[in-house]
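Read through the structure below, which is laid out as structure tokens, and then see the notes.
Being a predicted model, the structure only gives us computed values, none of them experimental. In this chain, numbering begins with 1 at the start of the sequence shown.
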Amino acid sequence: MGESLDQLCINTIRMLSVDAVEKAKSGHPGAPMGLAPSAYVLWTRFLKHNPRNPSWADRDRFVLSAGHGSMLLYSMLHLTGYDLPLEQIQQFRQWDSRTPGHPERGLTPGVETTTGPLGQGFGNGVGMAIAEAHLAARYNRPGFAIVDHFTYGIVSDGDLMEGIAAEAASLAGHLKLGKLIYLYDNNRISLAAATDLTFTEDCAKRFDAYGWHTQTVEDGNDLEAIERAFGAARSETGRPSLVLVRTHIGYGSPGKQDTFEAHGSPLGAEEVKRTKQKLGWPAEPPFLVPQEALARFRESVSRGEKAEAEWKEKFSAYAQKLPELAREFEETMRGQLPKGWDEGIPNFPPDPKGMATRAASGKVLNSIAPKLPTLIGGSADLNPSTFTALQNLGDFESPERECSDSQGSTGGGWSYAGRNLHFGVREHSMAAALNGMAAHGGIIPFGSTFLMFSDYMRPAIRLAALMELGVIYVFTHDSVGVGEDGPTHQPIEQLAALRAIPHLVVIRPADANETMVAWRFAIESRDRPVALALTRQNVPVLDRSQFAAAEGLRRGAYVLTDAPSGKPDLVLIGTGSEVALVVAAQQKLAEQNIQARVVSMPSWELFDLQPRDYRESVLPRSIRPRLAVEAGLPQGWHRYVGDDGDIIGIERFGASAPGNIVMEKLGFTVNHVVERARALLGK
Ligand SMILES: Cc1ncc(C[n+]2csc(CCOP(=O)(O)OP(=O)(O)O)c2C)c(N)n1
């Protein structure tokens with residue numbers, strides 16, 4: 001009976017997935033059919049979860065990196081008792097359902113991260129395991145392992161072919177993330193081909209070389225072998241684990257098993273009939289969930305409630321003994337900022353010689369970090385350039401690694417309690433890991449590189465925005481002003497490209513004090529990712545007794561200084577390093593009896609959120625001549641300057657020369673701004 005009940009449960013997963021795809025006339029039945037036994041073993045024998053409380057802090061995290069196999073996850077969530085009723089399964093891929101084509105965090109209870117772009121989930125899981133290791137190191141005390149869970153994932157051929165998985169696996173191996181366990185769905189079929197045509201490397205050897213613990217299960221229907229492998233993976237604490245399971249896509253379908261037709265299309269009515277027959281499943285009704293199977297799956301509910309209750313008991317004993325730490329942990333997991341987190345953030349005195357906004361950022365970051373323990377992050381091997389090292393707050397490294405005075409160490413020792421993440425030259429996986437950390441909870445993650453290389457992070461940034469995660473990106477070297485490194489390192493279209501991502505807030509502060517406000521905003525922004533674009537070169541620190549307060553940044557754009565007469569002939573708009581330029585141009589124009597208003601516009605997105613009255617007060621409809629100045633692609637600026645306005649931007653690649661020369665050659669001079677302003681006024 002035991003064995004046949006197992007089989008009944010496994011076929012229930014398969015057939016729910018098949019029927020849902022069939023009804024939707026769209027979806028991916030093949031992977032769920034092959035993976036059903038593995039998922040069954042994992043979810044019913046290992047996964048620590050409480051279907052009645054998907055946000056229990058110490059649950060195991062589960063990532064379906066191969067998001068196209070979403071019906072596998074929805075089947076598991078429904079069957080084990082999450083708030084995902086059968087009607088939702090029947091509404092798979094339909095408008096307003098909680099069962100979208102690919103799993104979406106925030107929409108479906110139990111979905112930890114949004115997956116679909118292959119490889120991203122792999123990287124998210126690494127971030128979740130980093131978060132777990134860090135929080136455990138910070139909050140656990142002898143006898144009180146209050147953070148103690150695994151991160152499981154299912155990864156596919158597609159995931160492992162994507163380059164991001166190579167970066168993420170290398171990082172996880174280096175960091176010795178022993179509580180990360182992935183199952184590789186080795187079905188040798190992808191969307192358009194058998195992997196004989198595309199993917200023939202030895203994945204076990206490859207992952208061995210990354211420093212992973214690897215095991216092979218030859219038969220994806222052998223429950224005992226799968227169980228043994230998961231057991232061994234859990235026992236291996238010093239390395240992440242990959243369990244390579246040989247499965248069969250479309251398992252049970254007489255005509256489509258082991259073919260790529262089973263990958264991404266409904267089996268078709270006739271084939272569904274034949275499959276059900278082959279697996280000994282009643283032809284009717286569809287969406288059949290046998291009572292005995294459901295009862296077995298629903299044991300997850302009592303098991304989960306018990307596990308959480310035990311944890312709660314442990315936590316209250318912990319809270320009695322360590323009330324401060326317990327309060328901090330709860331606050332942290334709720335995403336709440338501790339009182340006084342922003343005390344001690346510096347204001348910068350006026351300084352015409354100035355300071356690079358990346359340098360101001362480094363100072364602000366280091367003033368915040370000691371009071372905000374949840375803030376952890378680092379750069380993709382660029383700390384000396386992006387100024388993102390958290391001094392003396394430790395390096396996030398495996399305790400098994402030698403603590404040394406290695407170059408680049410930030411001080412404070414090596415351990416999982418370290419708050420400096422050394423991502424290495426791995427921008428893609430840095431961005432995906434940041435998403436995983438934010439999705440895990442308890443962490444405010446930041447990551448840094450040159451603005452140019454935001455392109456390497458773009459897929460994950462888009463997902464951060466889609467998931468409404470409060471990830472912070474520190475992008476320095478934000479224009480051709482970087483100079484000598486030349487066009488490969490000089491961003492042109494990157495600001496426009498980032499601004500094109502819905503829900504992402506892009507901020508390009510004009511000086512040190514705007515940078516300070518930008519950081520405050522970014523820390524407070526717990527449900528929107530924020531990208532800071534910062535200069536390499538010095539920019540004047542504006543004298544705020546002469547100019548409007550930097551707090552104006554919160555409104556996206558503000559009048560920095562108005563026309564001396566109060567009646568502007570035109571508006572000059574600048575962002576970042578170009579604000580000082582338009583301020584100088586305003587003065588020169590004044591000498592020529594032209595009255596200009598200067599608007600600092602660090603963030604389009606924040607400005608667009610303002611009420612109409614405010615926007616009108618900054619950019620009045622009555623002042624039609626407007627000139628925007630930004631060392632980047634002009635695309636999008638027309639919206640703010642209008643048909644009678646003009647833009648000084650860059651519509652070519654940069655060039656290798658000292659930064660000030662490149663700026664000058666590309667038209668970022670006071671004289672050129674004055675000339676174009678005059679032209680706008682017909683002078
Ligand atoms: C980055 C990215 N590229 C392409 C796709 C489109 N796509 C979806 S599934 C898939 C390949 C599927 O192969 P595999 O990962 O082996 O899944 P299986 O066929 O086993 O279901 C592709 C190319 C995608 N989802 N993400």
Side-chain angles (χ1 to χ4, degrees), residues 348 350-364 385-387 450-452 454 474-485 489-496 498-499 506-519 531-544 547 550 552-553 556-558 560-561 572-588 598-604 627-634 637 647-650 654-655 657-674 676:
F348 295 89
D351 178 1
K353 275 208 319 298
M355 177 190 285
T357 54
R358 64 172 169 153
S361 164
K363 288 184 198 301
V364 173
S385 300
T386 58
F387 295 171
F450 294 158
L451 178 59
M452 185 59 237
S454 61
V474 182
F475 294 133
T476 65
H477 298 58
D478 71 345
S479 76
V480 294
V482 304
E484 293 87 344
D485 274 342
H489 284 52
Q490 293 167 333
I492 300 292
E493 74 281 22
Q494 281 61 34
L495 279 172
L498 290 171
R499 287 174 181 145
V506 181
I507 308 182
R508 187 166 186 248
D511 75 344
N513 286 306
E514 278 197 12
T515 305
M516 177 264 291
V517 180
W519 259 112
L532 306 177
L534 305 171
T535 66
R536 171 184 186 235
Q537 73 277 27
N538 285 356
V539 290
V541 183
L542 298 172
D543 180 352
R544 297 288 166 166
F547 295 96
L553 174 137
Y558 63 105
L560 187 66
T561 168
L572 298 174
I573 310 170
T575 81
S577 46
E578 285 68 74
V579 170
L581 182 61
V582 294
V583 167
Q586 181 206 36
Q587 283 158 8
K588 190 125 189 209
V598 172
V599 168
S600 174
M601 189 163 191
S603 174
W604 291 5
L627 177 62
V629 186
E630 183 174 74
L633 195 73
W637 273 108
I647 302 149
I648 299 179
I650 306 176
N660 56 339
I661 304 291
V662 179
M663 282 294 218
E664 194 184 304
K665 297 279 185 194
L666 297 185
F668 294 88
T669 62
V670 176
N671 284 343
H672 186 223
V673 176
V674 167
R676 293 274 281 268

Using atom types as modelled, flag every donor-acceptor pair under 3.5 Å from a side chain in residues 658-670 to any protein atom, sequence neighbours excluded.
from : atom 1 : to   : atom 2 : distance (Å)
T669 : OG1    : H672 : N      : 3.1

task: Can you spot which of T535, D511, N538, N513 makes a side chain to side chain donor-acceptor pair (under 3.5 Å) with T357?
output: T535

- prompt: Got W519 and V474 here, is their nearest side-chain heavy-atom distance under 4.5 Å?
  reply: yes

- prompt: Is there side-chain contact between V629 and L572, with at least one heavy-atom pair below 4.5 Å?
  reply: no

message: Any non-hydrogen side-chain atom of Q586 less than 4.5 Å from a side-chain atom of V582?
response: no

task: Please examine the side chains of I650 and L633, heavy atoms only from C-beta on, and report whether any two atoms are closer than 4.5 Å.
output: no

- request: Please assess S361 against F387 for the test side chain to side chain contact (heavy atoms under 4.5 Å, CB included), listing each intermediate value before the final yes or no.
  value: CA-CA 7 Å; S361 164; F387 295 171; over 6 Å; no

message: Once side-chain hydrogen bond (donor to acceptor under 3.5 Å, both in side chains) is applied, do any residues pair with S454, and if so which ones, sequence neighbours excluded?
response: none

With sequence neighbours excluded, residues passing ring pair (Phe, Tyr, Trp, His ring centres under 6.0 Å) with Y558: none

- prompt: Quick one: side-chain hydrogen bond (donor to acceptor under 3.5 Å, both in side chains) partners of D543, sequence neighbours excluded?
  reply: S545

- prompt: Is any side-chain heavy atom of S600 less than 4.5 Å from a side-chain heavy atom of P602?
  reply: yes

query: By side-chain contact (heavy atoms from CB on, under 4.5 Å), which residues pair with V482, not counting sequence neighbours?
result: H477, Q490, R536

query: Do S603 side-chain atoms and V506 backbone N/O form a donor-acceptor pair below 3.5 Å?
result: yes

Residues which pass salt bridge (charged side-chain N to carboxylate O under 4.0 Å, His left out) with E514, listed by chain and number, not counting sequence neighbours: none

message: Quick one, M355 and T515 - any side-chain contact, counting heavy atoms below 4.5 Å?
response: no

task: Applying side-chain hydrogen bond (donor to acceptor under 3.5 Å, both in side chains), name anything that partners S577, two or more places apart in sequence or on another chain.
output: R508

- line: Residue pairs meeting salt bridge (charged side-chain N to carboxylate O under 4.0 Å, His left out), one or both in residues 353-363, sequence neighbours left out, come to none

- prompt: Passes side chain to side chain contact (heavy atoms under 4.5 Å, CB included), F475 versus L532? Steps please.
  reply: CA-CA 6 Å; F475 294 133; L532 306 177; over 6 Å; no

Residue list, side-chain hydrogen bond (donor to acceptor under 3.5 Å, both in side chains) with T476, at least two apart or on another chain: none

- prompt: So do the side chains of V579 and V539 get within less than 4.5 Å of each other, counting heavy atoms only?
  reply: no

